[in-house]
Amino acid sequence: MVRVRFAPSPTGYLHIGSARTFIFNWLFARRQKGTMILRIDDTDIERNTEESLNSIYDGLKWLELGWDEFYRQSDRLELHRAMAWKIFGKDMAYRDFTPAQTEAVKQDGVPWLFNPGMREMSREESGRRAAAGEPFVLRFRVPRDIVTDVKFHDQVYGEQSKSAADIEDFALLRSNGMPTYHMASCADDADLRITHIVRGQDHLSNTYKHILIFAALEAGLPAFAHLPLLIAPDGSKLSKRKHGPVVSVTTYRDAGFVPHGYVNFLCLLGWSPKDNREQMSRQELVDAFSFEGVNRPNAVVNFTEADPIDPKALWLNAQHLRTMPIEDLAPRVRATLQAAGITPPDYGEPWFRSTVDAVRSRLSTLNEFTTRGRAYFAGDYEITAEAKAKLDVDNARELLRGLAERLAATPEFTEASVEALLRAYAAEAGVKAGLLINGARAALTGQTVGPGVFHVFTAVGRERTIERLRRV
RNA sequence: GGCGCUAUCGUCUAAGGGUUAGGACGAAGCCCUCUCAAGGCUUAAAUACGGGUUCGAAUCCCGUUAGCGCUACCA
């Protein structure tokens, strides 16, 4: 039974790289009919905030993927400590009383491996100083007498190996008694019987330490799959300070992405189904996902200062917007309109759906229903300069007002009837139908672009059409 | 500095010894058309560099360069 976990630390918003890690874990879990675990790695009490936890939680919920089990490391500290002392009990860890280094005292060419005098300290002295209340860090005693290589097979990066002589004596417990990330993570992974650790490539070199911990714990070794990182166009790591809103999933939510559109985009960063498919449903992604399809190089999120949205993300979202089932899209559009303070006319659900359907191929985000698609749902819409120009052609305004009266004179109001009426009226007035067609679109929607104009008439509806044409 | 990872169009990627190096986004052009999208067609655009191995290298090996990650109580 496959068990995977996504383990964010609540020190900020949900980063898009983290979101992708979550998605890949989820995909793998679903593909293998396994269990997806959300675990909050909150052992750094200095930096954790409840606000951050909520924002991560919100971000994950927005993805609409879900999880099966939930844990918080802060609820499990006793387990972590017990496991750390178990390692100490086997003499595979020792107390280090060296005060924390405030400044990096790196000596060039001489890698730090452990502090002098601590590894070799007798159990008696170590116990005495601890009993006297002297603060200490519990460190893992990396084997150094025999030169051994720590090895593992990564499902993405292949065979990995590092000499134990190059691994420093890392901390298990901080001087404040809190477990470090390495300790807590491995203790939980062992206890929760995680079978596959799927995480960012920034943990690739930490894996050697984790393998030593798993061995000391006599726990079975999980499989590892490291994921390439998401980076900025200049090759640097994505950071909020440097790159702003592009790094947070809330940006895409607030920009009007449909969750699956963004999930689909993230999947294509560092992974490929290898058959040229790009727009894929959730089920197609689950069916196609494997670590073999994950690439090794880091993937660039393509954005600029002027536009924080990757053009491909926008395109993919547009694809989903115009192909997703209308019954799935319609409520999302309603919610977006409502959030923008727009109450659409009460013409019934069939009207709403067909109107959404008519405009969606021209839009890329949900938000655009409140801007470029506004005139169909709201009375207050702007008239663009181009639209104004269409209305100012010859005697267009006068003719459109005349058209309003013709429409008012007959109860029939279908695409066909309006078209017949308009064309007859144009012929009568001796003008090209295009004059009225373009003018009507401008008057009814405030824009020169949009669906076929006769559909626009029925989408706007008889009453609103007559009213809008009269006041042109 | 040490250790590790990586390198195909601007970006995401396919091709894992033999291809005119394929697709997508973005860009440009054409078709369609009441406008704009959508859709269809077309064009420009890549194997970082240098050595090997081989009849043959984007693909395997070595080196260089560049980028990234980890590196003393952050995750």
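Here is how names work: the chains are called A, B, and so on, in the same order as the sequence lines, proteins then strands, and each is numbered from 1. Quantities reported herein were computed from a predicted structural model and do not represent experimental measurements.
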Could you list all N or O pairs between the protein and nucleotides 62-70 of chain B that sit under 3.5 Å apart?
residue : atom : partner  : partner atom : Å
B/C68   : O2'  : A/Asn298 : ND2          : 3.3
B/G69   : O2'  : A/Asp202 : O            : 3.1
B/C70   : O4'  : A/Ser205 : OG           : 3.4

**Message:** Could you tell me how far B/U47 sits from B/U8 if I compare only their C1' atoms? Round to whole Å.
**Reply:** 4 Å

So which protein nitrogen or oxygen atoms get under 3.5 Å of nucleotides 37-42 of chain B's nitrogens or oxygens?
residue : atom : partner  : partner atom : Å
B/A37   : O2'  : A/Ser361 : O            : 2.7
B/A37   : N3   : A/Ser361 : OG           : 3.2

**Prompt:** Is it true that A/Tyr181 and A/His203 have ring centroids separated by less than 6.0 Å?
**Reply:**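 So the answer is yes for these two rings.
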
**Request:** Measure centre to centre between the rings of A/Tyr208 and A/Phe152, then say whether the value is under 6.0 Å.
**Result:** yes

**Asked** What's the CG-C1' distance between A/Leu113 and B/A72, to the nearest Å?
**Response**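 After rounding, the gap between these two atoms is 10 Å.
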
**For atom NZ of A/Lys274 and atom P of B/G16, their distance in whole Å** =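 Distance, rounded to whole Å: 10 Å.
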
Report yes if a donor N or O on one partner sits less than 3.5 Å from an acceptor N or O on the other, where the partners are the side chain of [X] and the base of [N]; otherwise report no.
{"X": "A/Asn302", "N": "B/G26", "result": "no"}
{"X": "A/Lys312", "N": "B/A24", "result": "yes"}
{"X": "A/Arg441", "N": "B/C36", "result": "no"}

**Asked** Near A/Glu134 CD, under 6.0 Å, is it more than 12 heavy atoms from other residues, nucleotides or ligands?
**Response**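 Above 12, so yes.
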
**Message:** Closest approach to the side chain of A/Ala299, judged atom by atom: which nucleotide of B/C34, B/U13, B/A15 is it?
**Reply:** B/U13

**Request:** Return each pair, listed once, that meets side chain to side chain donor-acceptor pair (under 3.5 Å) where at least one residue sits in residues 264-275 of chain A; pairs must be two or more places apart or across chains.
**Result:** A/Asn264-A/His320, A/Asp275-A/Arg277

